[in-house]
Undergrad: 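I am attaching a structure below and will ask some questions about it afterwards.
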Amino acid sequence: MNDLPVIEPGEPHPRQGWVDAYLPDRSIAYQEPTTKLVELATVRGILFRQRWLLAGVLLTTVIAGLIITLLSTPLYEAKATVQVEPFSKDIVEGQDTDPGIASNQVFDFLQTQLAVIESRNVAKIVATNLRLHERSSLLGADFDEGRPPNLSDEQWTETRLNAVTEILVQSVDAELPNDTWIIEIGYSSTDPVIAAELANGYADAFSDSDTRDAVDDNEYAREYLLDQISQVRARLGLAERTSNDYARSTQIIVQPGAEDGAGGSTLTAANLSSINARVSDARARRIEAEQRWRAIENAPPAQLPEVQTNASMQGLINDKLAKQTELVGLRQRYNDDFPQIRNLLEEIRILDTQIQQSGNQIKATVRNEFIVARNQEQALQAELASLTNDTLAEKDDQVQLSVLERESEALRGELEALMFRYNQINSAANLESSAFTKLDSAIVPSSPYAPSLLRNLLISILLGSGLAGGLALVREIFDDRIRSLEDAEDKLGLPLLGHTPYVNERNVEVAGNEFSALMEAYASIRSSIDISLGRDRNVIQFTSTQASEGKSTTAVVLAELFARMGRKTLLIDADLRRPSIAKLLNLDPPESGLVEVILGHTSLEAAVIKGVRENLDVLALAAIPANPTEVLAESYLREFIAKHRNDYSLILFDSCPVMGLADAPMIAHVVDGTIFIMEANRTAFGKANMAKRRLVQGGAKIIGAVLTKFRALEAGHDYSYQYSYYQYGSD
């Protein structure tokens, strides 16, 4: 590497040509942070970072579960079985009054029986049958000591019975194993003998409940039906008498041949039907007569068909035609004063008068027929209206009569159904088989079923895992430190120039093995910076969010790497508050440094330290100034850079951190580019983002970010990822 050509100040980099060709626009655009879904590496990183919390919480819950198990009182459980027959069996003919349940309701029926077994009612029956309230095995010998003085013996007995009932309800359990029709009744107790006794007591009480209920139900049903039959008979007699009395009072007469008064035809209805038919005939005659009159009302009599077919009218018309014919012949020889002509004219006039009178008489006859038909229709309609009112009134009475008769008919049907039901129950009384049969009795258990060490440990592991996961998630939510390479780019929106692996500070040697993983990482970063810079951008600043993030080390190592490439490099310690370049390079503090050069007290040539490395000059800090911000004033620093820019191929500023100080933003405003250093697993995103915002607001041109002290396992990557750099000379 010592054979590399030396680049004089102001000369272009040997690879600058292909850099310009492939990267015509080398200005770094700030990327907006992106959001990704949770990846496997993220989950793996959380598990690794929170491993001690997860292990501690999980171990604590397991120990707690073990302690609880060892301190718990052993419980014994005895089980008895009862077979259930959901469908009833007929023993005698006619015993089909209760056909059972539908096939699709069997599961509901069985679930109902489970609830019945666990009910307070059955528990009270068991307690009464076994006289548990008179014993101290469940209540304890000291239960009577809490008896109030004002309670009678009966009240205290009831109190003991209720207390025993509560104990039974809390300790009994019923279930259907493997979807069978066999119910398992289990009872838990600290005494195995009591557990077996009460399990059998429950099985006996439940098995007898069906037969007992059937007998009680049949007796109750017979008594109830006899009472209902008596009541319905009395109501039926009253309803029939009321119906007859109402028909007599309203004089509803049904014609012979009708089946009953409610549905038959009465005299009023028959008269209404007859008069309605006559009204229809009268209306038809009136319409016919009216049409004849309207047709001839305005027509001349001579044009009427009746006139044309009348014999006397035809005689008059023929005489008129003969007279007119004779008149025409005489007028051909004489004038109208001729006596014979005047006689003919008079005769014709007389004939016209006779014809007109006869036609009028015929029209009057047609009109009279129309008037007679209209009067007949009106008279019949008046009669129809009168009968209609009578019929409607009678209909109202018939409605009430129908109600009374329907009530009588309903009572007859109800009485018949009650009698039939009573005969069925009386015939099949108490012959129905029981639906519940005790199958196996409970035996005294030989070993406790609880507490279960394995089950409690599994529950402890599950609860501990959930609690530990929740606590770890809460810690991760409130911890926004940048850990992975993706966080550096996605959260801050800055291009990542590279990262360096974590190395213990005691093992870090700035000028160490150039083929080590750390130096290979810095070589990769140097290449990224070299490609990102243009030929006219040779002044770079290194800064970070806070102190001790590897900023100065990165500046020193990269300065050496650029110098080894043959680029004449000037490394400037611009941290006027805590300088570290001289210490890292094992140099003695100079008599004059950056402050003196910027203020013009000495020249760069006199203050610079040469010979540190080939092609590498160092401008350290002689003494910490009292006014760092004034020393780094923009005018002084800009003049310094403009004056010495062309003296070196690359000028690197190691500035102070951004947070809380104004030095870094002031330097970032005048340099060509800024490299942002972040320490993995230490730098918080909020602080880093605020530092980046301050730099951007100060006019910084951020080239990219470098993630230092990167731990692959902390970021969720595979362990080998941390040492994946190619190392020369390794086997």
Undergrad: Check each of R241, R412, Q231 against L236 using the side chain to side chain contact (heavy atoms under 4.5 Å, CB included) test, and report the only one that passes.
TA: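 Exactly one pass, corresponding to R412.
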
Undergrad: Check L114 against E175 and note the closest heavy-atom contact, atom names and distance.
TA: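 Between these two residues, the closest heavy atoms are CD2-N, 3.8 Å.
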
Undergrad: Just how far is it from atom CD1 of I185 to atom CD1 of I117, taken to the nearest 0.5 Å?
TA: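 That separation rounds to 4.0 Å.
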
Undergrad: Taking the side chain as every heavy atom from C-beta outward, state whether L168 and L132 have any atom pair closer than 4.5 Å.
TA: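 Yes; the side chains approach each other to less than 4.5 Å.
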
Undergrad: Provide the closest heavy-atom pair for A80 versus A442 in the form atom of the first, atom of the second, distance.
TA: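 Shortest heavy-atom separation between A80 and A442 comes out as CB-N, 3.8 Å.
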
Undergrad: Give a yes or no answer on whether the side chain of Q155 reaches the backbone of S152 with a donor-acceptor pair at less than 3.5 Å.
TA: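 It does hold such a pair.
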
Undergrad: Applying salt bridge (Lys or Arg N to Asp or Glu O under 4.0 Å), can you list everything that pairs with E346, at least two apart in sequence or on another chain?
TA: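 Per chain and number, E346 pairs via salt bridge (Lys or Arg N to Asp or Glu O under 4.0 Å) with R349.
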
Undergrad: How many angstroms lie between CD in E407 and CD in E414, if you round to the nearest 0.5 Å?
TA: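 Between E407 CD and E414 CD, I get 10.5 Å after rounding to 0.5 Å.
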
Undergrad: Got Q83 and W181 here, is their nearest side-chain heavy-atom distance under 4.5 Å?
TA: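 SC-SC contact between Q83 and W181 ruled out.
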
Undergrad: Only one of L226, V232, D227 forms a side chain to side chain contact (heavy atoms under 4.5 Å, CB included) with L418, so which one is it?
TA: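 Of L226, V232, D227, side chain to side chain contact (heavy atoms under 4.5 Å, CB included) with L418 is met by V232 alone.
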
Undergrad: Quick one: OG1 on T128 to CG on L161, what's the gap to the nearest 0.5 Å?
TA: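 Separation between the atoms: 4.5 Å.
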
Undergrad: Identify all side-chain donor-acceptor contacts of residues 118-127 below 3.5 Å with residues at least two apart in sequence or on another chain.
TA:
residue: E118; atom: OE2; partner: A174; partner atom: N; Å: 3.1
residue: S119; atom: OG; partner: V116; partner atom: O; Å: 2.5
residue: R120; atom: NH1; partner: E166; partner atom: OE2; Å: 2.0
residue: K124; atom: NZ; partner: E158; partner atom: OE2; Å: 3.1

Undergrad: Go through D204 and N129 one step at a time and tell me if the side chain to side chain contact (heavy atoms under 4.5 Å, CB included) criterion holds.
TA: CA-CA 10 Å; D204 295 336; N129 293 341; over 6 Å; no

Undergrad: Using side-chain heavy atoms (C-beta onward) and a distance below 4.5 Å, is V106 in contact with D108?
TA: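 Counting from C-beta outward, V106 and D108 never come under 4.5 Å.
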
Undergrad: Can you sort out the partners of R131 under salt bridge (Lys or Arg N to Asp or Glu O under 4.0 Å), two or more places apart, ordered by chain and number?
TA: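 Counting only residues at least two positions away or on another chain, R131 forms a salt bridge (Lys or Arg N to Asp or Glu O under 4.0 Å) with E134.
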
Undergrad: Looking at OG1 of T81 and CG of L439, how far apart are the two atoms once the value is rounded to the nearest 0.5 Å?
TA: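 If we round to the nearest 0.5 Å, T81:OG1 and L439:CG are 4.0 Å apart.
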
Undergrad: Once you round to the nearest 0.5 Å, how far does CD of E184 lie from CG of L176?
TA: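 Nearest 0.5 Å value for the CD-CG distance: 9.0 Å.
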
Undergrad: Give a yes or no answer on whether the side chain of K79 reaches the backbone of Y187 with a donor-acceptor pair at less than 3.5 Å.
TA: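 The answer is no, because no donor-acceptor pair under 3.5 Å joins these two groups.
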
